[in-house]
Amino acid sequence: MSLYAIGDLHLSLSVNKPMDVFGPGWAGHVRRLEEAFSRLGEEDVTVLCGDTSWGIGFAESLEDFRFLHRLPGRKIILKGNHDYWWNTAAKMRRFFAENGLDSLEILHNNCFFYGEYALCGTRGWFYEEEQSGHNEKVLNREVGRLEASLKAAEGRPILAFLHYPPLYTGYRCPEIIRKLEEYGVERCFYGHLHGPSHKRAIEGTVEGVAYHLVAADYLGFIPKKILD
């Protein structure tokens, strides 16, 4: 059994949202994901760090989730800024159950356990949100969701998963970083950054927390192994 992470799958099996318009690196990305996941086992766990489906609502995202369900292993999903299908945790779990998608789970105000580790996370916050008119209330809500997840770890070693990078060349989100450090997070995995933005990502340990970019195009559409 192994633990993996990857973000920004941007699936669009029921909607017209081809990702190769964002560059040749995205060509055939669904096939490449399927091939990469085929190397995983049914006991493996993969955390999907947001922007999973372009579908607006459950109906448009259903084929994307059926695709994910067919891939080996258990998948834990957190919210990204383009996950317009996202709903309340209860409604999402009911949607998965009604459609037999029992390999999919939601990370939202909770945590999951993998061996001795707690898997915690939320969408997070990024400077783009500030520019688009979002306010301190939304930031505080995300900080609260992160803390609720971190508290659920109940003292176990923590691996954190975010969609937005908590730090970036020329940018820091002190409120999010403060919580990661306060709860002793060992490693933090994040997505959202694509193409030219990759070179501005922070990879490595900063003030005791090791940061890793796991956006799908950065990883070559191969999930990153975290733990055996």
Side-chain angles (χ1 to χ4, degrees), residues 3-15 17 42-114 117-126 129 134-156 158-164 175-176 179-180 183 185 188-192 214:
L3 176 67
Y4 296 83
I6 189 169
D8 306 86
L9 304 188
H10 288 292
L11 299 173
S12 57
L13 299 179
S14 293
V15 296
K17 195 75 173 180
E42 291 299 335
E43 299 301 315
D44 292 336
V45 177
T46 305
V47 181
L48 304 181
C49 294
D51 283 3
T52 300
S53 169
W54 279 112
I56 298 176
F58 291 154
E60 287 189 356
S61 63
L62 179 56
E63 287 306 311
D64 296 334
F65 290 118
R66 284 174 172 162
F67 168 79
L68 288 175
H69 177 63
R70 290 193 297 270
L71 300 178
R74 173 183 170 205
K75 280 73 66 173
I76 298 173
I77 304 171
L78 59 90
K79 185 180 183 181
N81 61 306
H82 291 302
D83 284 317
Y84 304 118
W85 58 272
W86 194 269
N87 212 300
T88 66
K91 287 183 179 179
M92 290 185 287
R93 293 182 183 114
R94 184 164 61 248
F95 165 67
F96 290 162
E98 289 173 349
N99 288 281
L101 306 172
D102 57 3
S103 70
L104 309 181
E105 299 183 84
I106 293 292
L107 180 57
H108 184 67
N109 292 328
N110 61 341
C111 81
F112 293 92
F113 298 122
Y114 181 92
Y117 284 90
L119 313 181
C120 303
T122 188
R123 186 189 67 167
W125 183 265
F126 199 40
E129 297 287 359
H134 290 262
N135 56 36
E136 187 176 357
K137 180 179 179 181
V138 183
L139 167 59
N140 290 339
R141 185 174 65 198
E142 281 301 304
V143 173
R145 286 172 174 162
L146 176 60
E147 184 160 37
S149 183
L150 295 170
K151 283 182 177 179
E154 299 178 347
R156 297 189 187 208
I158 298 172
L159 303 177
F161 301 86
L162 302 170
H163 176 65
Y164 285 130
E175 295 86 351
I176 295 289
K179 290 301 174 187
L180 299 177
Y183 283 84
V185 170
C188 177
F189 303 86
Y190 64 89
H192 187 67
V214 294

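In this text, all values refer to a predicted model and were calculated from it rather than measured experimentally.
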Enquirer: Could you tell me whether the side chain of Y117 reaches within less than 4.5 Å of the side chain of I158, counting heavy atoms only?
Expert: no
Enquirer: Is there a side-chain contact between F113 and L119 in this structure, where contact means two heavy atoms from C-beta onward sitting under 4.5 Å apart?
Expert: no
Enquirer: Could you pull out the closest heavy-atom pair between K179 and L150, with the gap in Å?
Expert: O-CD1, 3.7 Å
Enquirer: Check for me whether the distance between the ring centres of F65 and W85 falls short of 6.0 Å.
Expert: yes
Enquirer: Would a 4.5 Å heavy-atom cut-off, applied to side chains only, mark L9 and D51 as touching?
Expert: no
Enquirer: Determine, for E105 against K75, whether the closest basic-nitrogen to carboxylate-oxygen distance falls under 4.0 angstrom.
Expert: no
Enquirer: Working to the nearest 0.5 Å, report the span between CZ of R145 and NZ of K79.
Expert: 6.5 Å
Enquirer: A side-chain contact here means heavy atoms from C-beta on lying under 4.5 Å apart; do L68 and L104 qualify?
Expert: yes
Enquirer: Please assess E147 against Y183 for the test side chain to side chain contact (heavy atoms under 4.5 Å, CB included), listing each intermediate value before the final yes or no.
Expert: CA-CA 9 Å; E147 184 160 37; Y183 283 84; 2.7 Å; yes
Enquirer: Report yes if the side chains of F112 and R74 come closer than 4.5 Å at any heavy-atom pair, otherwise no.
Expert: yes
Enquirer: Applying side chain to side chain contact (heavy atoms under 4.5 Å, CB included), run through N87 and F95 and close with a yes or a no.
Expert: CA-CA 10 Å; N87 212 300; F95 165 67; over 6 Å; no
Enquirer: For H163, which of L48, T52, L78 qualifies under side-chain contact (heavy atoms from CB on, under 4.5 Å)?
Expert: L78
Enquirer: Among I76, I6, I77, which one satisfies side-chain contact (heavy atoms from CB on, under 4.5 Å) with T46?
Expert: I6
Enquirer: Nearest 0.5 Å, please: how far is CZ in R123 from CD1 in I176?
Expert: 9.5 Å
Enquirer: Should L107 and S149 be marked as a side chain to side chain contact (heavy atoms under 4.5 Å, CB included) after you check the CA-CA gap, both sets of side-chain angles, and the distance that decides it?
Expert: CA-CA 8 Å; L107 180 57; S149 183; 4.3 Å; yes
Enquirer: Got a second to check how far C111's SG is from E154's CD, nearest 0.5 Å?
Expert: 7.0 Å
Enquirer: Distance only, no hydrogens: is a donor on one side chain within 3.5 Å (strictly under) of an acceptor on the other, for T122 and E142?
Expert: yes
Enquirer: If you compare all heavy atoms of G191 against all heavy atoms of D8, which two are closest, and at what distance to 0.1 Å?
Expert: CA-OD1, 3.4 Å
Enquirer: Can you confirm whether more than 12 heavy atoms, excluding those of E42, are under 6.0 Å from its CD atom?
Expert: yes
Enquirer: Atom CG in L62, atom CZ in R66: separation rounded to 0.5 Å?
Expert: 4.0 Å
Enquirer: What verdict does the side chain to side chain contact (heavy atoms under 4.5 Å, CB included) test give for L3 and L159, after you've listed the backbone C-alpha separation in whole Å, the side-chain angles of each residue and the deciding distance to 0.1 Å?
Expert: CA-CA 11 Å; L3 176 67; L159 303 177; 3.7 Å; yes
Enquirer: Hey, are the side chains of D102 and H69 touching, using non-hydrogen atoms and a 4.5 Å cut-off?
Expert: yes
Enquirer: How about C188 and L162: do any of their side-chain heavy atoms sit closer than 4.5 Å?
Expert: yes
Enquirer: Name the orientation class of the two ring planes belonging to W54 and H82 (parallel below 30°, tilted from 30 to 60°, perpendicular beyond 60°).
Expert: tilted
Enquirer: For the residue pair W125 and L146, establish whether any side-chain heavy-atom pair is separated by less than 4.5 Å.
Expert: no
Enquirer: Ring-plane angle category for Y164 and H192, please: parallel below 30°, perpendicular beyond 60°, tilted otherwise.
Expert: perpendicular
Enquirer: Measuring from atom CH2 of W86 to atom CZ of F58, what distance do you get when rounded to the nearest 0.5 angstrom?
Expert: 9.5 Å
Enquirer: What's the spacing between H10 NE2 and D83 CG if we round to 0.5 Å?
Expert: 8.5 Å
Enquirer: Check whether any side-chain N or O of S61 sits under 3.5 Å from a backbone N or O of D64 as a donor-acceptor pair, and report yes or no.
Expert: no
